[in-house]
2 protein chains.
Amino acid sequence: MKITYKGDYALKTILDLSLHFGEGPITINDLARRADIPIKFLEQILLDLKSAGFVESRRGKIGGYLLSRAPSEIKLGEVVRFIDGPIEPIACVDKSYKGCKDLSTCVFRNIWSKIRDSTSATIDSITFEDLARRAKESSAVVVYQI
Amino acid sequence: MKITYKGDYALKTILDLSLHFGEGPITINDLARRADIPIKFLEQILLDLKSAGFVESRRGKIGGYLLSRAPSEIKLGEVVRFIDGPIEPIACVDKSYKGCKDLSTCVFRNIWSKIRDSTSATIDSITFEDLARRAKESSAVVVYQI
DNA sequence: CTATACTCTACTATTATAATAGAGATTATA
DNA sequence: TATAATCTCTATTATAATAGTAGAGTATAG
Ligand code: FES
Ligand code: FES
């Protein structure tokens, strides 16, 4: 698995929307500014996230984006897979890969599968509700630290 | 972590050398043919592996490549990191990454670290001696299966 | 009506990946 | 010592992925 900028931006945006869930739409402009994301790039990412059903949009004045589902219903892994593709560290682990000739004998295959499985278990056990809670706690801690 | 073709080729080559450890040098040609690797690409990979001290070479007739260390002394993780870079799924986890502004508050950081650690633990617990043993066992099984 | 905000498609720049090419250096051995 | 086999080194190329940028178009609240 490799988290690209696009993936990083998508996750931070969904987290932002999670932190304001139920408070009405947030504009691309605000989302981009708060997470320091190039606005035109974020536009594209949001259209992708919309096509996948993670977010919905309101056009015109008072427009913006909001989550289609509650943060508790969105797993970290879902967003990662949608934006940055399959979790496995090598395409072989999935079906149909030219490199994988000796499917039955390749000794690396089990290792890549194991890594994929433990990584999947981690990112599928975390929802954006969890992340939002942690973000609130963590910013509270920072306030105390300052 | 992302295993590239180059990484895949390097691992298969070190495994081949491990399976013939102590039997003298093997030519690039043989290594390339047996693993179905483009020969000129493998030349470069072997030079890299040599520079890192994984293998050594003999020039001229009866030349070829052999392992610098016993297979039991080469961890899978060492080769993966050398060829395909750091294990973490996002550069943020390492020091000095522009994306990582709120080091103290980013809630994703711990997750990427956890994935890096479990992946590292997996690939650092396996040596090429282990892999060679598995390869022998697995090919024995295939013989019986046919 | 119009300012604000999302939509859609195309384009571009940079880097990484996966090779390919070819001339050069070394060595066993006939 | 000639020579075939083999590694060495640098340069070049092709393709794809990544990370944007650009701009015209559509919808809506007030
Ligand atoms: S060749 Fe596909 S996992 Fe090894
Ligand atoms: S911004 Fe670096 S891990 Fe989140």
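So that the names make sense, note that chain A is the first sequence line, chain B the second, and so on, each numbered from 1. Heavy-atom basis, side chains included; hydrogens, waters and symmetry copies ignored.
- In this structure, CD in B/E43 is found 9.0 Å from CG in B/N29, a value given to the nearest 0.5 Å.
- The CD1-P distance, from A/I83 to D/dA17, rounds to 16 Å in whole Å.
- Between B/Y5 and C/dA16 there is no side-chain N or O to OP1 or OP2 distance below 4.0 Å.
- OP1 or OP2 of C/dA16 has not a single side-chain nitrogen or oxygen of B/T4 nearer than 4.0 Å.
- Looking at the side chain of B/P38, the nearest of the listed nucleotides C/dT20, C/dT7, D/dT8 is C/dT20.
- We find that CD of A/E56 is positioned 18 Å from P of D/dA27, with the value rounded to whole Å.
- Note: B/Y5 and B/Y9 have perpendicular aromatic rings, judged against thresholds of 30 and 60 degrees for the angle between ring planes.
- OP1 and OP2 of D/dA19 both lie 4.0 Å or more from every side-chain N or O belonging to A/Y9.
- A side-chain N or O of B/T127 and one of B/D130 form a donor-acceptor pair less than 3.5 Å apart.
- At a threshold of 4.0 angstrom between heavy atoms, the contacts of B/G63 are confined to the sugar-phosphate backbone, with no base atom among them.
- Taking 3.5 Å as the limit, the base of D/dG20 and the side chain of A/K6 contain no donor-acceptor pair of atoms between them.
- Rounded to an integer number of Å, the gap from A/D8 CG to D/dG20 P is 10 Å.
- For the atom pair A/K50 NZ and A/D48 CG, the distance stands at 11.5 Å (nearest 0.5 Å).
- Nucleic acid contact class of B/L46 (heavy atoms, under 4.0 Å, all strands): none.
- Rounding to whole angstrom units, CG of residue A/L47 and P of C/dA10 are separated by 14 Å.
- In this structure, B/R59 places its CZ atom 14 Å from P of D/dT6, rounding to the nearest Å.
- DNA chain D is contacted by both B/K61 and A/F41; B/K61 maps to the nucleotide lying nearer its 5′ end (nearest heavy atom per residue).
- One atom, OH of A/Y65, and another, C1' of D/dA27, lie 13 Å apart when rounded to the nearest Å.
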**Study point:** Working for side-chain contact (heavy atoms from CB on, under 4.5 Å), residues B/D16 and B/R34
**Key:** CA-CA 9 Å; B/D16 193 345; B/R34 297 209 286 246; 3.0 Å; yes
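- For D/dT21, the base has a donor-acceptor partner in the side chain of A/Q44 [N/O atoms by modelled type, under 3.5 angstrom].
- Taking atom CD1 on B/I39 and atom P on D/dC9, their separation rounds to 17 Å, with Å as the unit.
- At the phosphate of D/dT8, OP1 or OP2 sits under 4.0 Å from a side-chain N or O atom of B/K50.
- The nearest whole Å value for the distance from the CD1 atom in A/I3 to the P atom in D/dA17 is 18 Å.
- Nucleic acid contact class of A/I62 (heavy atoms, under 4.0 Å, all strands): sugar-phosphate only.
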